[in-house]
Amino acid sequence: MAERGALSLLSLLCLTFIHKESTVAKHVDKGLAAQAFSSFWFTVEPQDTLAIRGNAALLNCSAHSDAATPARIEWKKDGTFMSLVSDERRHILPDGSLFFTHVVHSKHNKPDEGTYQCVATIDNLGSISSRTARFSVAGMPRFASQPAPANVHLGESQVMACEVNSDLLAFTRWEKDRQPLELNTRLVQLPSGGLVITNASEADAGLYRCLVENVGSSKASDEAQLQILAETGEERKLEFVVQPMSVTKVVGNSMLMPCVVTGYPAPNVRWMFEDKLLEESEGRVEVLEGGGLHILNVTEVDAGTYTCMAENSNATIEAQAQLTVQVPPRFVKRPANIYAHESMDIVFECEVSGSPAPTVKWVKNGDAVIPSDYFKIIKEHNLQVLGLVKSDEGFYQCLAENDAGNIQSSAQLIILDHGSGGIASPAGPTPSAPRDVVASLVSTRFIKLTWRLPAEPHGDELTYSVFYSQEGTSRERVVNTSRPGEMQVTIQNLMPDTKYRFRVVAHNSNGQGESSAALKVATQAEVQVPSPAPNLQAVSNTPTSVSLSWDKPLTGNGEILTYKLYYTDKSVGTEQDSDVDGQSYTLTGLKKNTVYSFRVVAYNKHGPGVSTEDIIVRTLSDVPSTPPQNLTVEVQNSKSIMLRWQPPPFNGQNGEITGYKIRYRKGSRRSEAAETTGGTQLNKLIDGLERGTEYSFRVSAMTVNGTGPATEWITAETFESDLDESRVPDQPSSLHVRPLVNSIVVSWTPPENQDIVVRGYTISYGIGSPHAQTIKVDYKQRYYTIENLDPSSHYVITLKALNNVGEGIPVYESAITRPQSVPDPSPMMPPVGVQASVLSHDTIKVTWADNSLPKNQKITDNRFYTVRWKTNIPANTKVKMANTTSLSHMVTGLKPNTLYEFSVMVTKGRRTSTWSMTAQGTTFETIPSSSPKDVTVVSKENKPRTIIVNWQPPSEANGKITGYIIYYSTDVNAEVHDWVIEPVVGNRLTHQIQELTLDTTYYFKIQARNSKGMGPMSDAVHFRTPKTSNLPPKPGPPGNPHTHDSGTSVGVGTNSENHILVIVIIISVGAFTIIVVVVGAFLCTRRTTSHQKKKRAASKSSNGSHKYKGNAKDLKPPDLWIHHERLELKPMDKSPEPNPVMTETPIPRTSQDITPADSGLESNPHLQQRRNSYRGHESEDSLSTLAGRRGMRPKMMMPFDAQPPQPVISAHPIHSLDNHHHHYHMGSLASPTRSYLYHQGSGHLRPHACASPVSHLDRVNSSESVRNTPISEPLPPATASSQASCPSEIMADPEGSYHGSTTTEEEPSYSSNLPPHRSAHPHTHAHAHPLKSFAVPSISASSHPPYESPALPSTPLLAQTGPPTHPHVVKTASIGTLGRTRTPMPVTVPNAPDVPETSKMLEDVDSSYEPDELTEEMAHLEGLMKDLNAITTAP
């Protein structure tokens, strides 16, 4: 009756919650009483200003506010507030502007130049900051170049140079003959300050100079005479006097791109924009007389490449320049004012545009907002504030800036207090704290919480708020339930592998109630990044582009947000990247005929995935873009000339050079002759020429694509007559030497007799004798520097001319090298205090000190530091180095979990120090970047349902491997969360998986894990189990026709009946009032109390009539501890304490040790269900996938009548309150803090377990589900005094903080509001011999300390009933609420001794018996059981 009463009450409460009318949650809006937003903004902001040294200057700033007190204006310079209290030169005007009485500026003192910003503040309200303004001071007038005298032909163009600083260009003007010169379309001033004179006439002759004025002091350049020459009609080569230069302009400005060309005939100048002829438009785009391009009011469409083409009847030349147009930032969407409550989440929106793309930063009350876990930049520029607190109130500003300017916009945040907005104060009691808050579902990024109604709700329609925060922070966030009465909520967007604190608060019509106690829960670790993108292909379409394509990753783990394409020029080695939205991309701007490597990485919301393998592509070849180098001509005789050259630079060859084309012509003739050579031939003898004739030559390189540009024409004249080479040359006419410290510069003139061929010169030198060293140089060379000489030494030098006959007469000279200069007395000392600070898995920051610097360690000279590093891996001894000018360097691109050595040296000029002492640093671990290798699956011999998975560690473990996870499924295309999981702890490389289905194809994947998380999964490997089992079926226990007992049917077999029962109860109870139900429950409770009294009496009677004499507390049953199914006997001791402390002695097991027979699986519906529970969605099963496969170490809690067992608290998905099915799985309840164990078929209660209180207490020795197992003797029928209920037992996890994937040591178990109990030893190994017995001395109960802890919450579940399968019906106690437990009766519980686990025990468990030994043990056991039966059933 107690069970039925409690069940009826629970059903009525559920019905009430389901059918209550929903109401809208009462959220406080801003209302009329809320604080209004303040009108607070800048009316004037500072602008960029160019000031003149010594003059006054003003930076404007003014703010508007409707507050009672006016805004206080302060100024920042270069980000730091200015102190102007005692400043006589600078002060703030009443309107807020900053006034400079006179600007100070000198070469070494520039106190006024910088970036200024004004900050307006209203006390108790907040601050706003203006845009920033650049304050510059015009420098002293200096000329980088000045006008020079020049001659220009009539009608041609000329440039008079005058280069000044860009900030002085506005103050520059020109004078001719000391008179101001008026500029026009023919006389144009260049952006550099120079003057272009086009179509020169006689009137342009005169003296020119440029002046810089109005900058504090004026300065004039030198005067230069321009002379006008008459046109002679002689042809002159086209050449650029001024080429167009790339320029950057802001939208709306004007642009002048010069292009000045000279030559005769007069050239025609045209402009191309990109690939089209530029069209002029009146008033905006104009080509000036001199050829320059002028564009007014530049727009974004004007940006691009401009080409100036000049051509006449003889030639064409061209030059290119780039116009870049910048657009200042502008707001597309400004941030808006926001009302909010504490713990809420808000978003300030800010959308800007501009070119280049503006950078956005946020400022709160004048201080920069630093992104963190609670201040996040989302959707490019929006600011999200999570878990508001009162101090977040104030003004938030969005500041956007690019090279063209900066802007700002502000919004106000007001935090409303609860009760504001016109809501009356509470008129009645508020709810108490919600009860039994538990995490019913824990994932990597979300946690589902459930709870029960407060003990004192004070209302019907309650709403709830869940406050949560990351452990270690005080900032809370809040999530509200979606409808009244709902007692569960899912918190999303959590961080993986992170601890959080949760508390729940109920609201009724009177307001917010008490908060529940904080619950700590940790999310599971997660590595869910995309797999490599398959089928990556790359093709070179043009010499400068490559088209790539790839497929979507097979395992995306969510939506693919973007792809990142990485490419590397193999000739340089530097990797670059580009973001790609689709699955194809054409990369342009590449080098021609260059090898590139490409790889692609997919990104999802968790970050970058696994990279593809590199693919190598060479861009197509093209014609050479540069001419051959160092073309020289050498006249051989009167009829031949030798040409020599070098190939074009490698980056200009654009392919393999297949040959060279030589063009030559005689004199000024236009007709040309051509010769070609092979690709490796770098010289050519041109013969058959005419005597005494001038020839011009040029050479161009060829590839398979065509001929490249040619060199400039170079001329040579053949001899009138062939020179004499029948004798050696004469002595060189002169020899001069100029000694230095370590070298001597030698110069000479050729022999006076020019009729003898000179092929070259021989230089000999030495100390005291010229025969120590000899050098030969070309015949055209006239000087040479002899290097590597000793200082202060006397050298003798000879010079001889030579030809094919031999060397001529030498000329002698001597010189003494200069003495060595005195070295610096202070040698460079190496850096000291080198430290390597590890920042991440691939970054180490190296810092050091320099004793040669001042104490403040400020570098004021041109010294630099060289950092070198290498790993300690013997196979990789490559040393890398980098230079820096600071006292630290960030070394990136390192390998994870690798030890590196660092040392530093300093260089100053030509002086360097030695290397410093080394510092070491080991990079952090990171998740494995590759999957386990060589995964194989084989069947275990003689066990077709068991397979063995083998593998090798990942090649890139990136840390110590701490475990593996094996995923397997029968559907290779199933979602990852639908695969069954088998964890492997440690670095083992093999694992057994049991109880698979015969004749079924399974697919296996493996993930490696280190301390940082999970690596990528391996490719799926399939294996098909055999069709039939060759093993004989395992015989069941004799005399028991049932394959499962009532305990199983209670937990599993009566789901449909339970639903019918619940519906019947709900309908029947609906006709009665809740008072009748309570009275019924009360009557049932009293009856149960009477039963307990009878039990006590029966217990006393049993003890009093025992055949042993003495007090009842001194009586002990035999020291026997029986595991019936295994028939295992262990000595034990009964505790005399009325409330023994529950203890546990864990026996470690691994899934490798357990190999149940197939028949055991088929005959046990629980085991079959456990295997099948892995299929289907995790929310539909009574246990999660992990829980289903991870057996637990059994623990026992002594049952009492009406005592509420504890629910399973797991880091894996389990039943929530709204689930329709509640099963008790035998031996499969999962706990997050336990090792992964299997205990199958070992948790059944004996049929006579409820025969008496004594027998009940003595025989319940398993923490798994109750079971039926026959014994060798029949038992007496149950008496009236033995009808006490036998509750099924459910393990409780004692922790308040749950971890999803931990395997820690087992901890003590606690129960809520229950007396402590002493648990029996866990069952031994499933394959222990059934007739093994041994004796161990008993252990006193005092050796077990009591454990006490706050209670764990319980989740109410409906008890399951079913028809009896045995004459002795086993009843299960209903699971009630914690607050309704009754005082348990005193019992005497047998205590299993704490036997240390040794190898000897394991050997004993696995030992076998001979037939004679078995018969003897059976006989012995039967006698013991008879004695025990007589003791426990004595009247």
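Values in this document were obtained by computation on a predicted structure and should not be read as measured data.
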> Yes or no on side chain to side chain contact (heavy atoms under 4.5 Å, CB included) for Leu399 and Gln117, after CA distance, side-chain angles and deciding distance?
Replying inline: CA-CA 12 Å; Leu399 279 70; Gln117 184 181 38; 3.8 Å; yes
> Taking all atoms of both residues into account, what is the closest heavy-atom pair of Cys61 and Pro46, and its distance?
Replying inline: CB-CD, 4.4 Å
> Counting only heavy atoms not in Asn883, do more than 12 fall under 6.0 Å of its CG?
Replying inline: yes
>> For a 4.5 angstrom cut-off between non-hydrogen side-chain atoms, does Gln189 reach Cys210?
In response: no
> Can you check whether Val327's main-chain N or O pairs, donor with acceptor, with Ser355's side chain at less than 3.5 Å?
Replying inline: no
> Among all residues two or more places apart in sequence or in another chain, which pass the ring-ring contact (aromatic ring centres under 6.0 Å, His included) test with Phe697?
Replying inline: Tyr664
>> Tell me every residue that passes side-chain hydrogen bond (donor to acceptor under 3.5 Å, both in side chains) with Glu318, counting only those two or more places apart in sequence or in another chain.
In response: none
>> Going by the rule salt bridge (charged side-chain N to carboxylate O under 4.0 Å, His left out), which residues pair with Glu163 if we only count those two or more places apart in sequence or in a different chain?
In response: none
> Between Leu154 and Leu229, does a side chain to side chain contact (heavy atoms under 4.5 Å, CB included) hold up when you go through it step by step?
Replying inline: CA-CA 6 Å; Leu154 198 64; Leu229 305 178; over 6 Å; no
Identify every side-chain donor-acceptor pair in residues 293-302 under 3.5 Å, counting partners at least two apart or on other chains, and give the distances.
residue	atom	partner	partner atom	Å
Thr299	OG1	Asp302	OD2	3.3
Asp302	OD1	Arg284	NH2	2.8
Asp302	OD2	Arg284	NH1	2.9
Asp302	OD2	Arg284	NH2	3.3
Asp302	OD2	Thr299	N	3.0

> Got a sec, which residues hit side-chain contact (heavy atoms from CB on, under 4.5 Å) with Pro329, two or more places apart in sequence or on another chain?
Replying inline: Pro358, Ala400, Asn402, Ile407
> How close do Ala51 and Ala57 get, heavy atom to heavy atom, and via which atoms?
Replying inline: CB-CB, 4.1 Å
> How many angstroms lie between NZ in Lys591 and OG in Ser625, if you round to the nearest 0.5 Å?
Replying inline: 11.5 Å
> Going from OG1 on Thr172 to CG on Leu190, what distance comes out if it is rounded to the nearest 0.5 angstrom?
Replying inline: 12.0 Å
>> Rounded at 0.5 Å granularity, tell me how far OH in Tyr264 sits from CD in Glu231.
In response: 5.0 Å
>> Go through it in stages, so that I can follow the logic: the residues are Val137 and Val104, the test is side chain to side chain contact (heavy atoms under 4.5 Å, CB included), and I'd like the CA-CA distance, side-chain angles, deciding distance and then a yes or no.
In response: CA-CA 9 Å; Val137 181; Val104 174; over 6 Å; no
> Is the backbone of Lys564 close enough, under 3.5 Å, to the side chain of Asp579 for a donor and an acceptor to pair up by distance?
Replying inline: no
> Are Thr586 and Ser547 close enough, and set up right, to give a side chain to side chain donor-acceptor pair (under 3.5 Å), and what steps lead you there?
Replying inline: CA-CA 4 Å; Thr586 298; Ser547 294; 3.1 Å; yes
> Quick check: does any side chain N or O of Thr544 sit under 3.5 Å from a backbone N or O of Gly589, one acting as donor and the other as acceptor?
Replying inline: no
>> For a quick test of reading the model, state the closest non-hydrogen atom pair linking Gln408 to Arg131 and the distance between them.
In response: CG-N, 3.8 Å
> Tell me, do Val546 and Asn541 make a side-chain contact under 4.5 Å, heavy atoms counted?
Replying inline: no
> Does the pair Arg236 and Thr262 meet the rule for a side chain to side chain contact (heavy atoms under 4.5 Å, CB included), with working shown?
Replying inline: CA-CA 8 Å; Arg236 291 189 299 278; Thr262 62; over 6 Å; no
> Hey, does Glu156 have a side-chain heavy atom less than 4.5 Å from the side chain of Val241?
Replying inline: no
>> Can you confirm whether Phe99 is buried at CZ, in the sense that more than 12 heavy atoms of other residues, nucleotides or ligands lie under 6.0 Å from that atom?
In response: yes
>> Is it the case that the side chain of Ser700 and the backbone of Ala710 share a donor-acceptor pair, with hydrogens and angles ignored and the cut-off at 3.5 Å?
In response: no
> For Ile657 and Ala701, which heavy atoms make the closest approach, and how far apart are they?
Replying inline: CD1-CB, 3.9 Å
>> Below 30° counts as parallel, above 60° as perpendicular, anything between as tilted: where do the rings of Tyr306 and Trp271 land?
In response: perpendicular
> Going by atom types alone, do Thr132 and Asn406 pair a side-chain donor with an acceptor below 3.5 Å?
Replying inline: yes
> Closest heavy-atom contact between Trp174 and Arg209?
Replying inline: CE3-O, 3.2 Å
> Just by modelled atom types, is the Val152 backbone N or O under 3.5 Å from a matching donor or acceptor in the Gln158 side chain?
Replying inline: no
> For Ser129, does its backbone N or O pair with a side-chain atom of Gln397 as donor and acceptor, under 3.5 Å?
Replying inline: yes
> Any luck finding a side-chain donor-acceptor pair between Asp78 and Thr80 under 3.5 Å?
Replying inline: no
> Are side-chain heavy atoms of Pro543 and Thr619 found at a separation under 4.5 Å?
Replying inline: no
> Closest approach of Ala224 and Met160, non-hydrogen atoms and distance?
Replying inline: CB-CE, 3.8 Å
>> Heavy-atom count check: over 12 atoms from other residues, nucleotides or ligands less than 6.0 Å from Glu274 CD?
In response: yes
> Quick one: OG1 on Thr542 to CG on Leu590, what's the gap to the nearest 0.5 Å?
Replying inline: 8.0 Å
>> So, taking the atom named CG in Leu181 and the one named CZ in Arg173, what distance separates them when rounded to the nearest 0.5 Å?
In response: 10.0 Å
>> To the nearest 0.5 Å, what is the distance between OG on Ser97 and CG on Asn60?
In response: 4.5 Å
> Glu279 versus Phe273: any side-chain heavy-atom pair under 4.5 Å?
Replying inline: no
> Counting only N and O atoms by type, is there a donor-acceptor contact under 3.5 Å from the side chain of Arg186 to the main-chain atoms of Thr198?
Replying inline: yes
> In terms of ring plane angle, is the pair Phe135 and Phe100 parallel, tilted or perpendicular, where the classes change at 30° and 60°?
Replying inline: parallel
>> Under 4.0 Å between a side-chain nitrogen and a carboxylate oxygen: does that hold for Lys361 and Glu401?
In response: no
Run the side-chain donor-acceptor check on residues 248-258: report pairs under 3.5 Å with partners two or more places apart or on a different chain.
none

>> Counting C-beta onward and ignoring hydrogens, is there a side-chain heavy-atom pair between Met702 and Thr707 closer than 4.5 Å?
In response: yes
> Distance-only, no hydrogens or angles: does the Ser696 side chain make a donor-acceptor pair with backbone N or O of Arg665 under 3.5 Å?
Replying inline: no
> Salt-bridged, Glu349 to Lys379, with N to O below 4.0 Å?
Replying inline: no
>> Side chains of Leu288 and Glu286, heavy atoms from C-beta outward: is any pair under 4.5 Å?
In response: yes
> Counting distance only, does the side-chain N/O of Thr626 pair as donor-acceptor with the main-chain N or O of Pro648 below 3.5 Å?
Replying inline: no
> Got a donor-acceptor contact below 3.5 angstrom from the Asn654 side chain to the Val623 backbone?
Replying inline: yes
> Would you say Cys118 and Glu45 make side-chain contact, with heavy atoms under 4.5 Å?
Replying inline: no
